[in-house]
Amino acid sequence: MSRLVVVSNRLPLGDNPSGGLVVALQDALRSSGGLWVGFAGEPVESPEDELAWHPGAAFQRASFDLTQEDYEAYYLGYSNSVLWPLCHGRVDLMRILPGHVEGYRRVNERIAKLLVPHLRPDDRIWVQDYHLFALAFELRKLGVECPIGHFLHIPFPGPADCAALPNPGELFDWLSHYDLLGFQAGRDLSNFTESARQLAEIEPLHDHRLLLQGRVLRADVYPIGIDTAAFIEEARTAPDEDRMRSLTGAQMMIGVDRLDYSKGIPHRFRAFQLLMENNSDLHEKISFLQIAPPTREAVEAYQDIREETEHLAGRINGQFATVNWTPIRFIHRPIPRNVLAGLYRQARIGLVTPLADGMNLVAKEYVAAQDVSDPGVLILSRFAGAAETMGDALIINPHDPWELAEAIARAMRMTANERRRRHSALLRDVVEHDVGWWSATYLDALAAA
Ligand code: ADP
Ligand code: F6P
């Protein structure tokens, strides 16, 4: 079997790296003597001209360094101040600076140069996410001919948004050097095809093949999953003492998201406020736990959201709290996975309401964690990629606080029979389409491409 080489922005480090993507790729990496290359995590003053090797995992791991300047231009700049807002429908938050796109090109080129001496002619290369759109282009320039696939974990923008890039054609030039483009959802594949039609040159061929900028490649949808069996076990055996206790016996509603403007956290707080204003019978019956660790705080667009959410939570608590009951608890830090799994299991409602999201793994984790005999209800934004396969959730429009408040009230009053029926359909999908299924399906398609 040819060797699998995975390249991502973040390298999974630690002696026993966990996380869905690592688990998914571990078997393929281990059985093919594979290699994972990524960023070490902290910028350095004088970067090495070599990859650094990290022993300890079942596969080889190697990292590249970045200077502060490259980190600012490539990661904080072009990746997270241009591509991230663009792909999440927030072109108003884009901060376009010429130095950033140059830094992005430079870092992609540098990764290619560091990688090439370690490649073998029969390798398969799998590039992850929007930080590395230009990597195949740079590898091809250096003469690499082996199959290279890309998987985009976030949404692909439609033509109106794509047109906001300074040079949209360049994005499609970069992408045309891959053999396989993988997207999370049908909507992303349609956006990609339509944007390429309007802003570049594309001709659909048969069997998911197309001609992009004169090169033949394949593009298809591979919805990512979680390590379902492991997460079910994690939730079943979660420590009891970490579960949330409520003095009033209120049902818990949980939200778990990085504190990102794409996740719709303030919108969901406003909907909760509306719910409280119009349903006094639910006072002391529902407690909302929002866990939202900080993320990308050095990026300007993330700087106000903590204050906004804390302010909203404070206002709602001030308006409705009683001696025994705090309506919203807002935790601004990461928490251990087994504790998280136990909290999901205890929550009567899982609230997943992004304004835009590639897939949203929290939706799948919430379903996997439920007790099948008395499951909770998933409320899911129709703008999450997950909504394409999780139609048995209560699907809502996160921009409409009335609709969201009504869905929460409906979930609170839903019969056990309806909860079980919806949950069993959702669980079937999360079990069948786990992360192992995702990586195997993608890698088969890359082999065929
Ligand atoms: P994104 O990739 O945009 O962050 P996803 O929902 O797809 O969104 O994935 C988020 C992952 O991060 C999930 O696996 C979730 O469990 C984990 N996560 C989010 N918040 C926390 C937290 N506070 N503590 C621990 N894990 C978290
Ligand atoms: O899911 C999209 C994504 O950008 C992943 O690539 C990344 O690991 C995650 O969100 C967290 O973002 P960051 O790596 O910027 O902290």
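Both ligands and their constituent atoms are indexed starting at 1 by order of listing. The basis for the numbers below is simple: all heavy atoms, side chains too, and nothing from hydrogens, waters or symmetry mates.
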Inset, instruction - Please determine if W84 has a nitrogen or oxygen closer than 3.5 Å to a nitrogen or oxygen of ligand 1. - result: no
Inset, instruction - Output yes when the distance from some N or O of ligand 2 to some N or O of N80 is under 3.5 Å, and no in every other case. - result: no
Inset, instruction - Report yes or no: does M359 have a heavy atom closer than 4.0 Å to ligand 1? - result: no
Inset, instruction - Just jot down the ligand 1 atoms closer than 4.0 angstrom to any heavy atom of I291, in number order. - result: 23 (N)
Legend entry - Atom indices of ligand 2 within 4.0 angstrom of W84 heavy atoms, with elements: 2 (C), 4 (O)
Legend entry - Salt bridge R105-E109, side-chain N to carboxylate O under 4.0 Å: no
Inset, instruction - Output the list of atoms in ligand 2 that are nearer than 4.0 Å to some heavy atom of R258, sorted by atom number. - result: 10 (O), 11 (C)
Inset, instruction - Just do the side-chain hydrogen bond (donor to acceptor under 3.5 Å, both in side chains) check on T353 and R268 with the steps written out, would you? - result: CA-CA 7 Å; T353 63; R268 97 180 53 145; 2.7 Å; yes
Legend entry - Numbering as shown, the atoms of ligand 1 that approach Y344 to under 4.0 Å (heavy-atom distance): 16 (O)
Legend entry - Atom indices of ligand 2, in the order listed, that fall short of 4.0 Å to a heavy atom of R10: 13 (P), 14 (O), 16 (O)
Inset, instruction - Scan the protein's non-hydrogen atoms and note whether one is under 4.0 Å from atom 26 (N) of ligand 1. - result: yes
Legend entry - Closest protein heavy atom to atom 16 (O) of ligand 1, given as residue, atom name and distance to 0.1 Å: E365 OE1, 2.6 Å
Inset, instruction - Please could you name the atoms of ligand 2 that I154 approaches to less than 4.0 Å, counting only its heavy atoms? - result: 2 (C)
Inset, instruction - Could you check atom 24 (N) of ligand 1 against the protein and tell me its nearest heavy-atom contact, residue, atom and distance included? - result: I335 N, 2.9 Å
Legend entry - Pair R296 + D260: basic N to acidic O under 4.0 Å: yes
Legend entry - Minimum-distance protein heavy atom relative to atom 5 (P) of ligand 1: L361 N, 3.5 Å
Legend entry - Centroid-centroid distance, F288 to F330, less than 6.0 Å: no
Inset, instruction - Find all atoms of ligand 2 within a distance of less than 4.0 Å from any non-hydrogen atom belonging to Y75, and give their numbers and elements. - result: 13 (P), 15 (O), 16 (O)
Inset, instruction - May I ask you to check whether V256 has an N/O atom sitting below 3.5 Å from an N/O atom of ligand 1? - result: no
Inset, instruction - Counting heavy atoms only, name the option from R258, H88, K263 that's nearest to atom 8 (O) of ligand 1. - result: K263
Legend entry - Residue pair Q60 / W53, side-chain heavy-atom distance below 4.5 Å: yes
Legend entry - Part of R296 with heavy atoms under 4.0 Å of ligand 2, whether side chain, backbone, both or neither: side chain
Inset, instruction - Could you tell me whether atom 5 (C) of ligand 2 has at least one protein heavy atom nearer than 4.0 Å? - result: yes
Inset, instruction - Give the contacting part of N9 toward ligand 2: side chain, backbone, both or neither, where contact means a heavy-atom distance below 4.0 Å. - result: neither
